Amino acid sequence: MNLFTDIRALVVEKLDDLVADGVLPAGLDYANVAVEPPRDALHGDMATNAAMVLAKPAKSKPRDIAEALAAKLADDPRITNAEVAGPGFLNMRLEASIWQSLVANVLEQGTNYGQSNVGQGKRINVEFVSANPTGPLHVGHTRGAVFGDALSSLLGYAGYDVDREYYINDGGAQVDVLARSVYLRYLEAHGQEVAFEDETYPGEYLIEVGQDLKDEKGDAYVGQSESVWLSEIREYASDKMMDLIRADLASLGIKMDVFFSEKSLYGTGLIEAALKSLEDKGLIYEGVLEPPKGKKPEDWEPRVQTLFKSTEHGDDVDRPVKKSDGTWTYFAPDIAYHYDKVTRGYDALIDIFGADHGGYVKRMKAAVSALSDSKTPLDIKLTQLVKLYKNGEPFKMSKRAGTFVTLRDVVEQVGPDVARFVMLTRKNDATLDFDFDKVLEQSRDNPVFYVQYAHARIRSVLRKAAEQGIAVDDATLKAADLSNLAHESEINVAKKLAEWPRLVEIAARTHEPHRVAFYLYELASELHGLWNKGNELPELRFLQEGNAAASQSKIALARSVAVVIAAGLGILGVTPAEEMR
RNA sequence: GCACCCAUAGCUCAGCUGGAUAGAGCGCUGCCCUCCGAAGGCAGAGGCCGCAGGUUCGAAUCCUGCUGGGUGCGCCA
């Protein structure tokens, strides 16, 4: 249930009446007619722009249409009054009973309240993290992981059938580097002195892998050439790294539905098939690229390569799919991977990349557009950098100094709930400041705390009520007499609750889970405000002394706030707090 | 040189498929606990929405051009 769509349906119904009355011409397009909360609450509960949108096509004055529409709307029992304002806005006020029954409705539906069917069960694939299997996840990955997971949950809540997917880059040279690094640790486990050259990973997390390899294989690889061990260790090591990464993700509560291996594209004809598909569309040719202007590489020389005509699908230049020596570029398996996603029958694809892959967006969109004949939309969300702070001071990361911060470091220091919430209180395309101290601060300045506090307060009221022998189960609460929830402050809380379903749809449509976090902050603010009003106005307190029935109706409102907070936090992957400590 | 992202209060940031007098928090000023958690609340001051044009009933929002910051740019994935 969504009050805004209900009222919009009413507006449309009344517009049709006006058409029947001959006030408006037939055949008008209502697509742009919106019913929204007015920016200023003084204007009313809901506003529609119908008159302004329809004035031109109806060849009429906005205010005339608005007046006629207002008269029609005033007939509806739900509308207390409808008045024209400004250039032709129509402001509506709703009966208090609407807001009261909304509270009952929230309790009826529980955390399903706000779920939407805008997704219509469409299948959507969200690919995220996709870090190379060469080591543990770091902070940058954390943001992408949290964002992707929350977006997936949000889309699921909005009625999509979502698959979370991880693309394992286990086909390239970086896995060879990993294998060589593990080999060094393996030799080390055999007591040899080893040196880590530039082209190796010196990270200590490989010590254990080398040791395990020794335990399994003994000295079988010692003193052997790469041709003996490279491919085997590559496999062994990348499996180990994926175990590590899976555990990292699990520590944040993230579980992927699909892990797709790049390696599985090679030697199976999948890359060839994808390229063939493009070739059949006339989008593959042999050619020479222009050097990039202004930043000409020293060793630039013209080369003939196999190119994908990505410019025909919105890219700036055509992109190579084969190197001059005939081997695939990185782009080729990526095309094949997306071809696979397209052929798996998804209605839409979402890729989540780090900001450093921004240059990749156009060619990837071009590829999917070409592969699916523009039928499968691909949205690519970039997550910007995370800047770390400690006590307000920038926290420098350096791989060499061993001070690079991993996902595990973050989770261990602040916990998964805080890490997730903080990462989601910013738009994905804005850089994020993450201060290890500030995120644990207990004040209004810290949204995590503030929202959790609101939830904990409500739980506290429920506990208190139970101690006093008042029944506070949802079945009892929703049957309570809610008509005394009539004070402006109480109605305002209910109005905020009414926005939830609408917000879910907006956030899902724009692929912006941060909107959920901001909404929860606003809702928490309403709750805290009402709570404090109880200081001066005892009739607003949730616990009405000696009056169980009155208490139950007040608590019903508080409980419905807790339900929506829990639902919102659920989307963000955060556990609602029972109490603050 | 080109592409993408960002620019809103002193600071950190919201702002819905274009809507009315642009909103929060921090900081600043002043208030509110015999009362369900003051870990909170209320009020006040604080704005050329980077600059300049354009589109229209209407622009922080869309388009173009600038300025400043970030990211990236053919045999690295």
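A note on names: the letters A, B, ... follow the listed sequences, proteins ahead of strands, and every chain is numbered from 1. The structure presented is a predicted model; accordingly, all values stated were derived computationally and were not measured.
Judged by distance alone, the side chains of A:Ser130 and A:Glu127 do bring a donor and an acceptor atom under 3.5 Å apart. No side-chain donor from either of A:Gln384 and A:Thr431 sits under 3.5 Å from a side-chain acceptor of the other. When only modelled atom types and interatomic distance are considered, A:Ser261 and A:Asp170 share a side-chain donor-acceptor pair under 3.5 Å.
Contact annotation: A:Tyr450 side-chain N/O to B:G41 OP1/OP2 distance is under 4.0 Å. Phosphate proximity of B:C13 to A:Arg426: present, with a side-chain N or O under 4.0 Å from OP1 or OP2. A close approach under 4.0 Å does occur between a side-chain nitrogen or oxygen of A:Trp531 and OP1 or OP2 of B:A38.
Between the OH atom of A:Tyr330 and the C1' atom of B:A77 there is a distance of 6 Å, rounded to whole Å. Computed from coordinates, the A:Arg363 CZ to B:C4 P distance equals 13 Å when rounded to whole Å. Between A:Lys533 atom NZ and B:G41 atom P there is a gap of 11 Å when expressed in whole angstrom units. Computed from coordinates, the A:Lys381 NZ to B:C4 P distance equals 16 Å when rounded to whole Å. Regarding A:Leu178, its CG atom lies at a distance of 13 Å from the C1' atom of B:A77, rounded to whole Å. Between the C1' atom of B:C5 and the CG atom of A:Asp429 lies a distance of 7 Å, rounded to the nearest Å. Computed from coordinates, the A:Ile458 CD1 to B:C36 P distance equals 17 Å when rounded to whole Å. Rounded to a whole Å, the NE2 atom of A:His514 is 18 Å from the P atom of B:U12.
Separating the C1' atom of B:A9 from that of B:C49 is a span of 10 Å, rounded to the nearest Å. Between B:G10 and B:U55, the distance separating the two C1' atoms is 35 Å to the nearest Å. Only the P atoms considered, B:U29 is 50 Å distant from B:U56, to the nearest whole Å.
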### Query
How does each nucleotide of nucleotides 16-31 of chain B score, in 5' to 3' order, for protein heavy atoms under 4.0 Å: base (B), sugar-phosphate only (S), or none (-)?
BB-BB---SSS-----
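At least one cation-pi condition fails for A:Lys381 and A:Phe147: the charged atom is not both under 6.0 angstrom from the six-membered ring centre and inside a 45 degree cone around its axis. In this structure, A:Arg502 is positioned above the aromatic face of A:Phe4, its NZ or CZ under 6.0 Å from the six-membered ring centre and within 45° of the axis.
At the heavy-atom level, A:Phe542 lies under 4.0 Å from base atoms of the strands shown. Among the heavy atoms of the strands, none lies under 4.0 Å from A:Glu441. Across all strands shown, A:Glu579 has heavy atoms under 4.0 Å from base atoms, whether or not it also approaches the sugar-phosphate. If you check every strand for non-hydrogen atoms under 4.0 Å, A:Lys362 touches sugar and phosphate atoms only.
Not counting sequence neighbours, A:Phe128 has no partner by the ring-ring contact (aromatic ring centres under 6.0 Å, His included) test. Residues forming a ring-ring contact (aromatic ring centres under 6.0 Å, His included) with A:Tyr337 (at least two apart in sequence, or on another chain): A:Tyr167, A:Phe260.
Between B:G41, B:A14, B:C75, one nucleotide has an atom nearer to the side chain of A:His528 than all others, and that is B:G41. The side chain of A:Lys427 lies closest to B:G15, out of B:G74, B:G15, B:C4. When each of B:A14, B:G41, B:C35 is scored by its nearest atom to the side-chain atoms of A:Arg541, the top-ranked nucleotide is B:C35. In the set B:G74, B:C13, B:A77, the nucleotide with an atom closest to the side chain of A:Asn169 is B:A77. Minimum atom distance to the side chain of A:Lys56 is reached by B:U56, of the listed B:G41, B:U56, B:C36.
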### Steps toward ring pair (Phe, Tyr, Trp, His ring centres under 6.0 Å) verdict (A:Tyr450, A:His528)
CA-CA 9 Å; A:Tyr450 191 68; A:His528 289 306; 4.5 Å; yes
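With a cut-off of 3.5 Å on both pairing distances, the Watson-Crick or G-U wobble partner of B:C57 is B:G19. Under the Watson-Crick and G-U wobble criteria, each requiring two contacts below 3.5 Å, nucleotide B:A7 is paired to B:U67. Judged by Watson-Crick or G-U wobble contacts below 3.5 Å, the nucleotide B:G1 has B:C73 as its partner. With a cut-off of 3.5 Å on both Watson-Crick or G-U wobble distances, the partner of B:A38 is given as none. In this structure B:G46 sits in no base pair that meets the Watson-Crick or G-U test at under 3.5 Å.
Applying the 3.5 Å distance criterion, the base of B:G40 shares a donor-acceptor pair with the side chain of A:Asn532.
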Expected rows: protein N/O vs nucleotides 63-71 of chain B N/O, under 3.5 Å:
from  : atom 1 : to       : atom 2 : distance (Å)
B:U71 : O2'    : A:Ala355 : O      : 3.0

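Applying the 90° cutoff around 0 to the glycosidic angle, B:C33 is assigned syn.
Ring pair A:Phe436/A:Tyr389: centre-to-centre distance not below 6.0 Å.
For the segment residues 311-323 of chain A, residues with any heavy atom less than 4.0 angstrom from an atom of RNA chain B are, sorted by number, A:Asp316, A:Pro320, A:Lys323.
Between A:Asp435 and A:Lys390 no salt bridge is recorded (no basic side-chain N to carboxylate O distance below 4.0 Å). Salt-bridge annotation for A:Lys554 and A:Glu490: present, with a side-chain N of the basic residue lying under 4.0 Å from a carboxylate O of the acidic one.
Using bins of under 30°, 30° to 60° and over 60° for the plane-to-plane angle, the ring pair A:His141/A:His138 lands in the tilted bin.
Under the side chain to side chain contact (heavy atoms under 4.5 Å, CB included) rule, A:Met46 has a single partner from A:Leu3, A:Asn91, A:Leu90, which is A:Leu3.
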Give the table of side-chain donor-acceptor pairs shorter than 3.5 Å for residues 350-359 of chain A, with sequence neighbours excluded, one pair per line with atom names and distance.
from     : atom 1 : to       : atom 2 : distance (Å)
A:Asp351 : OD1    : A:Lys341 : NZ     : 3.2
A:Asp351 : OD2    : A:His338 : NE2    : 2.6

